[in-house]
**Student:** 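Pasting a structure here, questions to come.
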Number of protein chains: 2
Amino acid sequence: MAVPVVDQPSTRDRILTAALDAFADRGVEATSLDAVAAELGIRKQTILYWFPSKEQLLLDVVDHAVDELGRIVSDAARSARSRTRSGSGAADESPHVPTLADRLTAVVDATFRLGTTRPQLLAVLREVTRLGPPGSTRLASAVEPLAGEAAEALGRPADQPRLKEILLAASARVVGLATEAEVRTDLGLAPDLAWLRRSRQDLIKSLLDSLLPGLNDLTRVSKH
Amino acid sequence: MAVPVVDQPSTRDRILTAALDAFADRGVEATSLDAVAAELGIRKQTILYWFPSKEQLLLDVVDHAVDELGRIVSDAARSARSRTRSGSGAADESPHVPTLADRLTAVVDATFRLGTTRPQLLAVLREVTRLGPPGSTRLASAVEPLAGEAAEALGRPADQPRLKEILLAASARVVGLATEAEVRTDLGLAPDLAWLRRSRQDLIKSLLDSLLPGLNDLTRVSKH
DNA sequence: CTCGCTGTCTACCAAGTGGTAGACACTGTA
DNA sequence: TACAGTGTCTACCACTTGGTAGACAGCGAG
């Protein structure tokens with residue numbers, strides 16, 4: 001009955017997202033609990049009520065971020081449509097079942113879109129790896145099962161043992177690209193759409209190369 | 001007369017390098033002046049004697065790092081030997097004048113070697129861009145003239161207006177790659193020599209593509 | 001009404017931070 | 001010897017940090 005009209009996010013969740021944002025763009029050490037609290041209009045002691053220490057908060061933020069990332073990636077993989085091959089007028093030659101390439105493209109695109117939609121998500125990963133343990137180890141263990149899940153979403157069960165490594169490597173690449181983009185703007189380079197497109201293409205291509213090692217023709221991936 | 005047998009680095013220089021290392025692998029905010037001082041066996045007040053504030057120390061560290069980086073790159077470019085094209089037994093077809101491709105390869109190799117020899121140098125760049133102003137702006141202005149100098153060392157004066165942008169983009173790419181490598185190990189991926197080689201090749205290739213836009217054949221770059 | 005629980009608050013603390021003031025030792029010069 | 005300059009030190013300060021202790025308000029159940 002007492003369901004709120006808009007069910008507002010719990011204090012705990014509000015703290016998590018605010019901390020994620022702050023950690024991502026000001027850094028963890030540079031972010032005080034007071035600062036996060038102030039941003040939410042609460043006191044630092046309320047944060048310490050929900051999270052026993054700043055370190056624990058960071059670990060939970062990592063989990064939170066990985067969760068969100070995993071959801072986005074899985075959704076993208078599952079809702080991938082098969083690409084219309086040439087031009088707009090063509091009828092769909094292969095019907096609605098997306099190929100592996102389609103799914104990979106969807107995932108990569110979703111991730112790249114993340115770079116402008118929610119850059120904190122990638123930034124916090126970088127920040128955590130920079131800080132080292134315990135955050136980085138938590139990140140590793142949180143990402144680990146996610147890679148398996150993503151493999152599932154890609155429609156490829158365990159028949160490719162290296163799949164997990166490949167996906168992890170791709171994640172690392174994306175974080176690297178995000179860093180590269182940031183450094184580019186810092187060095188005074190104008191935003192370069194061509195660079196972005198090229199990076200996207202390279203990533204997709206290298207993923208396909210790893211997953212379908214038999215292929216030499218790169219432009220079109222035939223049905224199975 | 002009183003020339004020391006080994007002229008030890010000045011206190012100022014010792015502080016600079018110690019601070020660079022600390023900033024690079026623990027982060028700037030996480031590094032206290034006390035910590036840097038302790039590592040050198042001196043007191044924090046001695047640091048503040050040479051550098052009026054921590055912020056100024058950071059700026060000088062940036063200059064120091066960029067200087068060192070510039071020296072390494074320039075040296076590599078200047079001392080580049082022309083590659084022996086095929087096998088070891090072949091006589092040098094083109095004599096001792098290295099082509100642009102040779103110089104670029106030398107520079108890229110030197111930079112990659114840096115990744116294992118002196119990773120702090122790249123890490124501190126990343127850290128500074130992460131922190132934002134004033135460090136990042138200082139980095140930008142310190143790197144700016146260096147790009148011109150590197151252009152000189154490459155044997156290509158001002159006849160390529162985009163050259164500076166291309167070199168800056170390459171720097172950004174290298175920092176991105178360094179980050180990618182770090183994230184890879186954090187995610188539990190084993191060091192991958194093949195990945196390193198591929199990244200090297202891609203970087204050289206994309207540099208050549210940008211610098212010699214007319215080319216389609218990528219494997220061999222003829223004299224002039 | 002009262003009790004216990006939950007969530008937020010005020011008040012405080014010990015430790016650590018960057019930075020200042022000034023004493024002290026060592027040098028070369030007059 | 002006296003002196004000025006340089007480099008390092010001890011002593012201290014104002015401030016911020018993460019974290020603790022405990023008061024207090026609201027609330028549903030008995």
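Within every chain, numbering begins at 1; the chains are lettered A, B, ... in the order of the sequence lines, protein sequences first and strands thereafter.
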**Student:** Quick one: pull up CG in Leu20(A) and CD in Glu127(A) and give me the separation to the nearest 0.5 Å.
**Tutor:**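 Rounded to the nearest 0.5 Å, the CG-CD separation comes to 11.0 Å.
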**Student:** Which pairs, with at least one residue in residues 29-48 of chain B and sequence neighbours excluded, count as a side chain to side chain donor-acceptor pair (under 3.5 Å)?
**Tutor:**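 For residues 29-48 of chain B: Arg26(B)-Glu39(B), Glu29(B)-Arg130(B).
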**Student:** Could you identify which residues of residues 46-56 of chain A place a heavy atom less than 4.0 Å from some atom of DNA chain C, listed by residue number, or say none?
**Tutor:** Thr46(A), Tyr49(A), Trp50(A)
**Student:** Taking side-chain hydrogen bond (donor to acceptor under 3.5 Å, both in side chains) as the definition, give me every residue that meets it alongside Asp109(B), ordered by chain and number, with sequence neighbours left out.
**Tutor:** Arg200(B)
**Student:** Going by salt bridge (Lys or Arg N to Asp or Glu O under 4.0 Å), name the residues that satisfy it together with Arg118(B), two or more places apart in sequence or in a different chain.
**Tutor:**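 With sequence neighbours excluded, Arg118(B) shows a salt bridge (Lys or Arg N to Asp or Glu O under 4.0 Å) to Asp21(B), Glu68(B), given in chain and number order.
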**Student:** At what angle, to 10 degrees, do the two end axes of the helix from dC1(C)-dG30(D) to dA30(C)-dT1(D) meet, given five pairs define each axis?
**Tutor:** 20°
**Student:** Mind listing the residues from residues 10-32 of chain B sitting with a heavy atom below 4.0 Å of DNA chain C? Number order is fine.
**Tutor:**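 Residues of residues 10-32 of chain B under 4.0 Å from DNA chain C: Thr31(B), Ser32(B).
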**Student:** Can you tell me how far C1' of dG16(C) sits from CG of Leu33(B), to the nearest Å?
**Tutor:** 12 Å
**Student:** Nearest 0.5 Å, please: how far is OG1 in Thr11(A) from CG in Leu40(A)?
**Tutor:**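 Answer rounded to 0.5 Å: 8.5 Å.
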**Student:** Find the distance between CG (Leu177(A)) and CZ (Arg184(A)) and round it off to the nearest 0.5 Å.
**Tutor:**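 Leu177(A) CG to Arg184(A) CZ: 10.5 Å, rounded to 0.5 Å.
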**Student:** Evaluate the side-chain proximity of Val62(A) to Leu125(A): yes if any heavy-atom separation is below 4.5 Å, no if none is.
**Tutor:** no
**Student:** Which residue pairs satisfy the side chain to side chain donor-acceptor pair (under 3.5 Å) criterion with at least one member in residues 134-145 of chain B, sequence neighbours excluded?
**Tutor:** Asp63(B)-Arg138(B), Glu144(B)-Lys164(B)
**Student:** Applying side-chain hydrogen bond (donor to acceptor under 3.5 Å, both in side chains), can you list everything that pairs with Ser171(B), at least two apart in sequence or on another chain?
**Tutor:**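 So Ser171(B) forms no side-chain hydrogen bond (donor to acceptor under 3.5 Å, both in side chains) with any residue.
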**Student:** Give the rounded distance in Å between these two atoms: CZ of Arg43(B) and C1' of dT17(C).
**Tutor:**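 Between C1' of dT17(C) and CZ of Arg43(B): 17 Å.
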**Student:** Quick one, Asp202(A) with Arg198(A), criterion salt bridge (charged side-chain N to carboxylate O under 4.0 Å, His left out). Give me CA distance, side-chain angles, the key distance, then yes/no.
**Tutor:** CA-CA 6 Å; Asp202(A) 285 354; Arg198(A) 212 178 314 126; over 6 Å; no
**Student:** I'd like to check the salt bridge (Lys or Arg N to Asp or Glu O under 4.0 Å) partners of Arg71(B); sequence neighbours left out, ordered by chain and number.
**Tutor:**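 Expected list: none.
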**Student:** 5'-most contact on DNA chain D: Gln45(A) or Asp34(A), nearest heavy atom basis?
**Tutor:** Asp34(A)
**Student:** Would you please name every residue forming a salt bridge (Lys or Arg N to Asp or Glu O under 4.0 Å) with Arg113(A), sequence neighbours left out?
**Tutor:**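 Partners of Arg113(A) by the salt bridge (Lys or Arg N to Asp or Glu O under 4.0 Å) criterion come out as none, since no residue qualifies.
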**Student:** With a 4.0 angstrom cut-off to heavy atoms of chain B, pull out the first and last contacting nucleotide of DNA chain D, in 5'-to-3' order.
**Tutor:**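 Extent of the interface on DNA chain D: dT6(D) to dA11(D).
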**Student:** In chain order, what residues pass the salt bridge (Lys or Arg N to Asp or Glu O under 4.0 Å) check against Asp67(B), with sequence neighbours excluded?
**Tutor:**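 So Asp67(B) forms no salt bridge (Lys or Arg N to Asp or Glu O under 4.0 Å) with any residue.
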